[in-house]
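Notes follow once the structure below has been shown.
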Protein chains: 2
Amino acid sequence: MSATIRDIAKVAGVSVASVSKVLHGGGGTIRVSAEKAEYIKSIAREMQYVPNVVARTLRSGRSNTIGLVFEQFGSISAGPLYYVYLLDAIASVLFEKHYRLTILPEIDSDKPESLSDGRLDGLIWCKLDRNGGILNLIERGSLPVVALNSSTLGSDTRLMNFHCDNEGGIRLIMDHLVGLGHKKILFVMETGEVSTPDAVVRRDAFYKIAKEKGLHLGEEDVVQWSHSTTEFPVWWAKQTGHTAIVAWNEAVAGSILEVAQRAGVSVPTDLSVVGFDSTAYCETTTPRLTAACQPIREMAIAAATTLVDLVEGRAPTHLRRVFPCTLDVRGSTSEPRKQS
Amino acid sequence: MSATIRDIAKVAGVSVASVSKVLHGGGGTIRVSAEKAEYIKSIAREMQYVPNVVARTLRSGRSNTIGLVFEQFGSISAGPLYYVYLLDAIASVLFEKHYRLTILPEIDSDKPESLSDGRLDGLIWCKLDRNGGILNLIERGSLPVVALNSSTLGSDTRLMNFHCDNEGGIRLIMDHLVGLGHKKILFVMETGEVSTPDAVVRRDAFYKIAKEKGLHLGEEDVVQWSHSTTEFPVWWAKQTGHTAIVAWNEAVAGSILEVAQRAGVSVPTDLSVVGFDSTAYCETTTPRLTAACQPIREMAIAAATTLVDLVEGRAPTHLRRVFPCTLDVRGSTSEPRKQS
DNA sequence: CTGAAAGCGCTTACAG
DNA sequence: CTGAAAGCGCTTACAG
């Protein structure tokens, strides 16, 4: 069909080695005179030669392609921009470095070893869980992997791990709420995301910091709601006395804002709501959402950059990088209503 | 490093052909007894065999990978969910059919022929422009390509083309506005997206339909603003007499809503604003955005499905599919203020 | 029913 | 300075 290096060699009357050298560099000892090189190039142009990258990959063992695994890729179109920022930042880095980006479906946990099937040079895994045994297989595998937002991994792994300081973020939130005068605070997780690494770590930080502050918050102050949040009105009717909600991420916080409005609950007058992530999404809610901010783009850029370093044989300086969070105070939090 | 088919053949004492047959199916005439097959499989498991997909691709000419080209990938993180829906829908279809999805950087228009470098079985191209000469090269090339939202392509191409009925959408918008009593309407494009196929087609439809309705709208009723829209207050101060704005997409409409609010212009009381696309984004603006709705997900699903059909040798039924638009009336449009 | 062998298109040590 | 040849790991006609 399309011309190969061999076809060109034949037409030009030289060896395939010379053609390879001229067209693709490489080839240590080969040397070709300038005129001959020009000639080969002209023939290649004439024959509309397109190098077969698959063959080169097979031979060289390098595909110049990085894989990306999103746990719950579906949530990308939910509205909040967390995953979108991630994708955008990773893509920018990779494209600039002349890598391609392949989105993988959620991995069949039976055979993660099939990731080293030659198509990928490395992998970025978002929200990798320490459960599931995938972890061991990945560590054993030959494929360089960088974890992103997989806080529960702990430090007992040789996997590169980039995540934000979730505890620090929750601390900022709690400082803010307690500073406003809130004492009874509810932490909301989402059914189906209960075992998401970040969610778990944030919940634990919630307990820990509440205790530090002498708030006496316990299991009854942590709930799991489904995205459709029929639970909210029921909960509100129970008059539990909570004056503020901390949602584990901005998506959940956003849907709480909506349901609260429909239920006639006024935010922040009746109830303060705080989220986590703080993308531009928080500017579009009504009221605008107070949220802990993690530097998603920066984290994604660091992860992608490091992975490429790893692939190209440059040793990374640290195995683990934790990014500090900040707090963006917007309109969804205020002092609690006077106790009635 | 990792075991190959040949290693297994050696250990099992059979031919590589048999191993290939047992492990990957295929191989027409080969027949292997049940016990021998079991034995081979057990050896493979023992040796932790992982098939090299790159080698298979080189041999078979099929990569099971589809490429996706977004013109202006950067805009994905701007907020509106148009591109996100597209990505999500395409990914779902491909994953289900066991294809991988590779995001490509914007293509070097010098050598689109390098797309057929063996790594892709097909390509989905969003917002492909008829300019640039890429078109011809693609048509000539051996790679199956499906265009998505590339309305300006016209019907003189043998490229598959899936797009919405932009003119129909603009007609719905104009019917709505004129029905409310608007006569002087501004069409807003975005600098840098002026040559985007959809934008061009929508602008032309705007002219055409305005004329049909006897509105006498001309060049002074179409403007290009930059995303930072410093232009809005300047334009508003000129008192042009426009009572409604049609933005070429929801992103532009959204930023107009913001700037208008900052400029103290009340929407829809002082000014009606309409957008195009109508993703969930339109529910998050203040006020909620009236917009023409194109069935983005459905279109993306159709495009991806058809491309896979094409790749796998099933002939598509039509070369071109146009999807009708609808109108989602929300809070950003109302009757014009009484003329003063 | 099974195996030996060619070949997908490239790169790269090696020999001249 | 240049070319012939092996080999990346697989698949598949072909011969036995």
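Every chain is numbered from 1, with letters handed out A, B, ... down the list of sequences. Just so it is clear, the structure is predicted and the values come from calculations on it, not from any experiment.
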Handout entry: Of the listed nucleotides D:dT12, D:dG9, C:dT2, the one nearest the side chain of B:S20
Key = D:dT12
Exercise for the section: Select base, sugar-phosphate, or nothing to describe what A:S33 touches, counting heavy atoms under 4.0 Å on all strands. Expected result: sugar-phosphate
Exercise for the section: For C:dG3, take OP1 and OP2 only and decide whether either is under 4.0 Å from a side-chain N or O of B:S18. Expected result: yes
Exercise for the section: Tell me which nucleotide among D:dT11, D:dG3, C:dC10 gets nearest to the side chain of B:R59. Expected result: D:dT11
Problem - Minimum-distance nucleotide to B:R56 side chain [options: C:dG9, D:dT11, C:dT2] - result: D:dT11
Exercise for the section: Give me the ring orientation class for A:H24 and A:Y49: parallel if the planes are under 30° apart, tilted from 30 to 60°, perpendicular past 60°. Expected result: tilted
Exercise for the section: Rounded off to whole Å, could you give me the CD-to-C1' distance for the B:E35 and C:dT2 pair? Expected result: 14 Å
Practice task
Quick one: closest heavy-atom pair of A:P295 and A:F323, and the distance?
Solution key: CG-CB, 3.7 Å
Practice task
I would like to know whether B:D121 and B:S63 meet side-chain hydrogen bond (donor to acceptor under 3.5 Å, both in side chains); could you show each step before the answer?
Solution key: CA-CA 6 Å; B:D121 285 343; B:S63 65; 3.2 Å; yes
Completion exercise
Rounded to whole Å, the CZ-C1' distance (B:R6 to D:dT12) equals 15 Å
Exercise for the section: Tell me whether the guanidinium CZ or amine NZ of B:R297 lies under 6.0 angstrom from the six-membered ring centre of B:Y85 and within 45° of its axis. Expected result: yes
Practice task
Would you please test B:T102 and A:T102 for side-chain hydrogen bond (donor to acceptor under 3.5 Å, both in side chains) and show each step?
Solution key: CA-CA 4 Å; B:T102 291; A:T102 292; 3.0 Å; yes
Completion exercise
From CZ of B:R119 across to C1' of C:dC10 the rounded distance in Å is 14 Å
Practice task
Could you tell me whether the side chain of A:L87 reaches within less than 4.5 Å of the side chain of A:L68, counting heavy atoms only?
Solution key: yes
Handout entry: DNA chain C: stems of at least 3 consecutive Watson-Crick or G-U pairs whose donor-acceptor distances fall under 3.5 Å
Key = C:1-3 with D:14-16, C:5-12 with D:5-12, C:14-16 with D:1-3
Practice task
Report the distance from atom CD1 of B:I40 to atom P of D:dC10, rounded to the nearest whole Å.
Solution key: 14 Å
Exercise for the section: Between C:dG3, D:dC10, C:dT11, spot the one nearest the side chain of A:H24, thanks. Expected result: C:dT11
Completion exercise
Ranking D:dT11, D:dT2, D:dG9 by distance to the side chain of A:L58, first place goes to D:dG9
Fill in the blank from the handout: Assign each of B:V14 and A:V16 the nucleotide of DNA chain C bearing its closest heavy atom; nearer the 5' end lies the nucleotide of B:V14
Practice task
Using whole Å, report how far CG of A:L23 lies from P of C:dG9.
Solution key: 15 Å
Problem - Sugar-phosphate only, base, or nothing, as touched by B:T4 at under 4.0 Å among non-hydrogen atoms - result: sugar-phosphate
Practice task
Please determine which of B:R320, B:R321, B:K127 meets the side-chain hydrogen bond (donor to acceptor under 3.5 Å, both in side chains) test together with B:H163.
Solution key: B:R320
Exercise for the section: In whole angstrom, give the distance that lies between atom CD1 of B:I8 and atom P of D:dT11. Expected result: 11 Å
Completion exercise
Looking only at D:dG7, C:dA4, D:dG9, the nucleotide nearest the B:A17 side chain is C:dA4
Exercise for the section: Give the rounded distance in Å between these two atoms: NZ of B:K10 and C1' of C:dA4. Expected result: 15 Å
Practice task
Calculate the interatomic distance between B:N52 atom CG and D:dG7 atom P; express it in whole Å.
Solution key: 17 Å
Handout entry: Donor-acceptor side-chain pairing of A:Y82 and A:N149 below 3.5 angstrom
Key = yes
